[in-house]
Novice: 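This is the structure, below, for whatever I ask next.
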Amino acid sequence: MNLSVRTTVIVWLCVPLVLAAALLLFDNYRNALHSANSAYDNALYASALAIADRVVLDGEELEVDLPYIALEMLSAASEDHVYYKVVSGDGSLVTGYKDLPSADAEPESLDGDAAFFESRFRNQVVRVAEIERSIQRQSRSIFFDVVVAQTVGERDKLARELTVLYGSRYLLLVIVVIAAAWISASMALKPLKRLQHSLEKRSNHDLTPIEVSAAPEIDVVVAAINRLMERLRESFLDVRALVDDASHQLRTPIASLKTQIEVALAEDNPEKIKESLNTLLDTANRTGRLAEQLLTHTKTSEMPDFENTNLSELLEGVVRGWVIRALESDIDLGLEHTDDKICIACSPTLLEEALNNLLHNAIQYCPAGTSVTVRLYRSSGKVNIEVEDNGPGIAEADRSDALKRFRRINPADTIGCGLGLAIAAEVVELHHGKLSLLDADSSSGLKVLIEIPDADRATE
Ligand SMILES: Nc1ncnc2c1ncn2[C@@H]1O[C@H](COP(=O)(O)OP(=O)(O)OP(=O)(O)O)[C@@H](O)[C@H]1O
Ligand SMILES: [Mg+2]
């Protein structure tokens, strides 16, 4: 799912913020509860002390003259209930609620000599304070416990009120942060809107650089788009030049076809008509070749789909396709490869086109009795293909020209439109490789060397 930039910013900012706020709120609640307990515990303790002060001895019996004022201290200002009891050292009840829980072995907290803990009494949660005191009788001490309990409604209410207070502040903070994030994301996205308008306003032919100055992050994108525009402009100009060249190249054979048809139509002599038709056939063949080459050339202007290909097999297929033509021209065509399985990621169709053009040249321009050898081998992280002949070759000064479109070295050659080497070079470039025209190893002839980087073995 693709979220908008604004939503992404808000989600990534708010989720951690809300989680942190929830944790803080929980911590605040615990602290508030602790503070409330401390405050109310002091009052409980004071009540327990006040009761203990009123415990007296009536003969052997303990008695309590209960100071109601002490308990009122606790209950007057609150809705909480207060319970108490006084238990003598032997466990018998002196006064108060018999079932009121006493401190077990380990009370929750000990503050001075008082034990504090939470318990349940009459189906309510109560906070209990318990102290132990004694009265001297002659040389003997008579011990007793005072237990005072209070329901926790007020404490909980105070803790809740404090939590709500903090919670509302956190909520306000979250809302302010979301609003700030929303506004800042909108501000940051404004240059993108400007870029969008600037692109939408452009005509199809306008490939000049975009001029939108914005934040450095967006400037980087604009620079990348501008580089792409520049490449598009170059390839657009290249395609236009090709179309111009192609229409120019097509005009000549079409004009010549027209003239030859007119000559044939004006002729009565069947022999002469046959002659004209043969010339017509030659021109039609040349035009056909030109159309084929132009079609092949257009394929090299698109990025092909690469697939893992066994080049040894591909080369065998291509060479096999030229055996009969080579035999007819009395040319010795051979294939040499050291490895039966040289595989690379490439476009097999385009590589076949390139190799067919090189073999077409070798067989077309080499006289009878010569030989053409195709080689395939690996060399320092590259896969190399050679097409070598011992024909007339191309003079070193003409080699870079021969690689250009529609350039023919020997205008006396009737067949050919000057696209074969250009096509081969462009196919090799699409494979990030290099095509070079070299002297053949023998005394004369041409060696076309194709080097394609072998990504899998580049580190070998
Ligand atoms: N093996 C070769 N031996 C000698 N000359 C060659 C060889 N290969 C190419 N050339 C020269 O280079 C020129 C350019 O070759 P290229 O294949 O580009 O065009 P072409 O053969 O004239 O036309 P086409 O597009 O029909 O192949 C040729 O006209 C030819 O003169
Ligand atoms: Mg050619």
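In what follows, every heavy atom counts, from backbone to side chain, and hydrogens, waters and symmetry copies are set aside. Counting starts at 1 for both ligands and their atoms, in listed order.
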Novice: Mind checking whether Leu446 contacts ligand 1 via backbone (N, CA, C, O), side chain (CB onward), both or neither, at a 4.0 Å heavy-atom cut-off?
Specialist: side chain
Novice: Just which atoms of ligand 1 are under 4.0 Å from any heavy atom in Ile409?
Specialist: 11 (C), 12 (O), 13 (C), 29 (O), 31 (O)
Novice: Show your working on side chain to side chain contact (heavy atoms under 4.5 Å, CB included) between Thr208 and Met229 and close with a plain yes or no.
Specialist: CA-CA 7 Å; Thr208 54; Met229 296 269 239; over 6 Å; no
Novice: Run through Glu388, Glu386, Arg375 and flag the one making a side chain to side chain contact (heavy atoms under 4.5 Å, CB included) with Glu336.
Specialist: Arg375
Novice: Might you confirm whether atom CG of Asp305 has over 12 heavy atoms from other residues, nucleotides or ligands at distances under 6.0 Å?
Specialist: no
Novice: Have a look at Leu294, Ile394, Ile423 and point out the one with the heavy atom closest to atom 10 (N) of ligand 1.
Specialist: Ile394
Novice: Which ligand 1 atoms does Leu419 reach within 4.0 Å, using its non-hydrogen atoms?
Specialist: 18 (O), 19 (O), 23 (O), 24 (P), 25 (O)
Novice: Considering both backbone and side-chain atoms of Gly418, is one of its nitrogen or oxygen atoms within less than 3.5 Å of a nitrogen or oxygen in ligand 1?
Specialist: yes
Novice: Any salt bridge between Asp439 and Arg399, counting N to O under 4.0 Å?
Specialist: yes
Novice: May I ask you to test the Phe406-Leu290 pair for a side-chain heavy-atom distance under 4.5 Å?
Specialist: yes
Novice: Between Asp80 and Lys157, does a salt bridge (Lys or Arg N to Asp or Glu O under 4.0 Å) hold up when you go through it step by step?
Specialist: CA-CA 11 Å; Asp80 282 334; Lys157 199 173 145 206; over 6 Å; no
Novice: Does some side-chain heavy atom of Tyr40 sit less than 4.5 Å from a side-chain heavy atom of Glu154?
Specialist: yes
Novice: Please verify whether a non-hydrogen atom of Cys417 lies at under 4.0 Å from ligand 1.
Specialist: yes
Novice: Would Arg408 count as a polar contact of ligand 1, with the cut-off being nitrogen or oxygen pairs under 3.5 Å?
Specialist: yes
Novice: Would a 4.5 Å heavy-atom cut-off, applied to side chains only, mark Ile210 and Arg202 as touching?
Specialist: yes
Novice: Has ligand 1 got any nitrogen or oxygen that is less than 3.5 angstrom from a nitrogen or oxygen of Leu421?
Specialist: yes
Novice: Applying a 4.0 Å heavy-atom criterion (strictly less than), which segment of Gln293 is in contact with ligand 1: side chain, backbone, both, or neither?
Specialist: side chain
Novice: Show the atoms of ligand 1 that are less than 4.0 angstrom away from any heavy atom in Arg407.
Specialist: 14 (C)
Novice: Is the Mg ion (ligand 2) under 2.8 Å from any N, O or S atom of Gln364?
Specialist: no
Novice: Do ligand 1 and Pro392 have nitrogen or oxygen atoms that lie under 3.5 Å from each other?
Specialist: no
Novice: In terms of atom number and element, which parts of ligand 1 are under 4.0 angstrom from non-hydrogen atoms of Gly420?
Specialist: 16 (P), 17 (O), 18 (O), 19 (O), 24 (P), 25 (O), 27 (O)
Novice: May I ask you to decide if the ring planes of Phe121 and Tyr83 are parallel, tilted or perpendicular, using 30° and 60° as cut-offs?
Specialist: perpendicular
Novice: Checking the N or O distance criterion of under 3.5 Å, is ligand 1 in contact with Ala422?
Specialist: no
